[in-house]
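Start at 1 with the first residue, then count along the sequence. Ligands are counted one by one from 1 in listed order, and the atoms in each one are counted from 1 as well.
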Amino acid sequence: MELSNNKQEIVRRGNKVVWDCGDTVVKSFNSSKPASDVLNEALNLTRVYEAGVKAPKLLEVSELGEGWAMKTVREQGTMLSELMAQNPTKLAEYISNFVGLQLDIQSHSAPLLPRQRDKFARMINSLSNISATTRYDLLMRLDGMKVEEKICHGDFNPTNVLVQEDGGCVVLDWAHATQGTPAADVAMTYMLFSFDDQKLADTYLEMYCDRADLAKQVVYRWLPIVAAAELARGHKEHEKALLSWIDVADWQ
Ligand SMILES: Nc1ncnc2c1ncn2[C@@H]1O[C@H](COP(=O)(O)OP(=O)(O)OP(=O)(O)O)[C@@H](O)[C@H]1O
Ligand SMILES: [Mg+2]
């Protein structure tokens with residue numbers, strides 16, 4: 001893959017740079033990112049796209065410099081996170097649309113996506129900074145959860161939703177997508193909101209549970225598991241909070 005001369009950097013963090021190349025967007029990683037992870041994100045994106053979810057079309061995956069990169073169609077629009085910051089009086093409306101979008105995604109199935117349960121179990125087992133006893137508790141909890149096969153984004157938050165001029169939305173960033181139980185995905189979104197704004201997190205959960213006719217307690221039961229998954233992603237920023245969310249006793 002080659003980058004166009006007039007490319008512009010959208011974001012640079014960790015092991016990646018995202019480039020605006022006019023009609024396309026290129027997400028490029030350095031050599032520390034395994035090729036299999038890039039191929040997995042591209043495959044997840046393609047699976048949800050083919051299932052009918054509004055996501056950017058994949059155009060190419062190949063080596064770029066020392067690492068690997070994926071190219072997608074550039075979608076027009078404004079990130080929902082930006083709109084929320086610019087128009088705080090419209091927060092309730094934005095969250096309502098966000099919930100509707102998540103429910104729409106979860107109404108789709110993609111039988112070849114990785115299984116959420118397997119992914120969570122792998123992530124829990126990879127954690128060396130929690131005791132074997134806590135890992136066992138988490139795995140037992142996971143084992144008792146309802147198994148479903150709905151598309152779950154895995155990192156559904158307003159920075160991954162692009163709002164178009166006609167009000168339609170495109171969802172980005174499918175690296176963590178699985179087929180699984182919607183309530184687990186809701187727990188992840190709730191936790192991500194709560195890092196920044198507990199009140200917004202509660203508003204979101206209230207709206208989701210109302211629309212989906214789902215008991216909040218079901219979502220709460222997933223919290224230690226999604227906190228463990230987030231911790232396994234190695235995000236140091238919220239480590240302390242995540243360790244306390246993992247403390248199973250707190251959520252029983
Ligand atoms: N197809 C696209 N069309 C328009 N903008 C895009 C597209 N893909 C990415 N972007 C822009 O680039 C930003 C970063 O992209 P993306 O969300 O895929 O990566 P990321 O947030 O860095 O990934 P991760 O959350 O996995 O660390 C988005 O917030 C969006 O502004
Ligand atoms: Mg993103």
Side-chain angles (χ1 to χ4, degrees), residues 1 3-4 6-50 52-62 64 67-86 94 98 101-102 105 113-114 116 119 123 151-178 185 188-193 195-196 226 229-239 242:
M1 184 186 309
L3 291 174
S4 60
N6 56 355
K7 63 183 184 299
Q8 293 200 333
E9 198 175 299
I10 301 176
V11 58
R12 175 185 292 265
R13 60 176 159 240
N15 54 6
K16 71 174 160 272
V17 187
V18 182
W19 300 99
D20 176 349
C21 300
D23 292 342
T24 64
V25 168
V26 173
K27 197 166 173 178
S28 67
F29 297 88
N30 67 22
S31 58
S32 73
K33 179 83 164 177
S36 52
D37 282 1
V38 184
L39 292 166
N40 182 59
E41 179 169 348
L43 185 57
N44 286 350
L45 169 64
T46 308
R47 292 211 192 285
V48 301
Y49 182 86
E50 288 176 354
V53 173
K54 272 281 254 128
K57 185 174 192 274
L58 179 76
L59 297 173
E60 191 179 343
V61 187
S62 70
L64 176 65
W68 280 74
M70 52 185 276
K71 182 190 281 182
T72 57
V73 167
R74 162 132 208 253
E75 302 284 355
Q76 299 299 325
T78 310
M79 299 314 300
L80 178 58
S81 50
E82 277 177 44
L83 292 174
M84 288 169 66
Q86 285 162 11
Y94 289 137
F98 177 77
L101 183 62
Q102 190 170 26
I105 293 168
L113 271 182
Q116 186 185 56
K119 183 163 181 172
M123 292 172 112
I151 293 182
C152 291
H153 182 277
D155 187 20
F156 192 67
N157 71 78
T159 69
N160 285 328
V161 176
L162 199 60
V163 183
Q164 299 179 309
E165 229 163 63
D166 63 1
C169 292
V170 181
V171 182
L172 309 173
D173 224 348
W174 292 89
H176 305 293
T178 56
D185 213 38
M188 178 61 87
T189 300
Y190 173 73
M191 188 180 70
L192 296 172
F193 270 129
F195 288 148
D196 294 328
V226 299
E230 183 67 8
L231 192 65
R233 288 179 193 163
H235 296 170
K236 289 275 169 238
E237 200 188 342
H238 300 293
E239 195 174 65
L242 290 171

Exercise. Could you list all the side-chain hydrogen bond (donor to acceptor under 3.5 Å, both in side chains) pairs where at least one residue sits in residues 35-44, not counting sequence neighbours?
Key: Lys27-Glu41
Self-check item: Asp155 and Met188, any side-chain heavy atoms less than 4.5 Å apart
Solution: no
Self-check item: Sidechain-backbone polar pair: Asp185 side chain, Gly154 backbone, donor-acceptor under 3.5 Å
Solution: yes
Quiz item: Looking at side-chain heavy atoms only, is the closest gap between Trp174 and Leu58 below 4.5 Å?
Solution: no
Quiz prompt | Minimum side-chain heavy-atom gap Glu60-Thr24 below 4.5 Å | solution = no
Quiz item: Do you know how many protein N, O or S atoms are within a distance smaller than 2.8 Å of the Mg ion (ligand 2)?
Solution: 2
Check residues 69-83 and write down every donor-acceptor pair under 3.5 Å in which the side-chain atom is one partner and the other belongs to a residue at least two apart or another chain.
{"from": "Arg74", "atom 1": "NH1", "to": "Asp20", "atom 2": "OD2", "distance (Å)": "3.2"}

Practice problem: Using modelled atom types only, decide if a donor and an acceptor are shared between the side chain of His153 and the backbone of Val171 within a distance under 3.5 Å. | Solution: no
Quiz item: Lys16 versus Asn30: any side-chain heavy-atom pair under 4.5 Å?
Solution: no
Quiz prompt | ring pair (Phe, Tyr, Trp, His ring centres under 6.0 Å) between Phe98 and Phe193, intermediate numbers included | solution = CA-CA 12 Å; Phe98 177 77; Phe193 270 129; 5.6 Å; yes
Quiz item: What does the list of residues with a heavy atom under 4.0 Å from ligand 1 look like, ordered by chain and number?
Solution: Ile10, Val11, Arg13, Lys16, Val18, Val25, Lys27, Pro56, Thr72, Val73, Arg74, Glu75, Met79, Asp155, Thr159, Asn160, Leu162, Leu172, Asp173
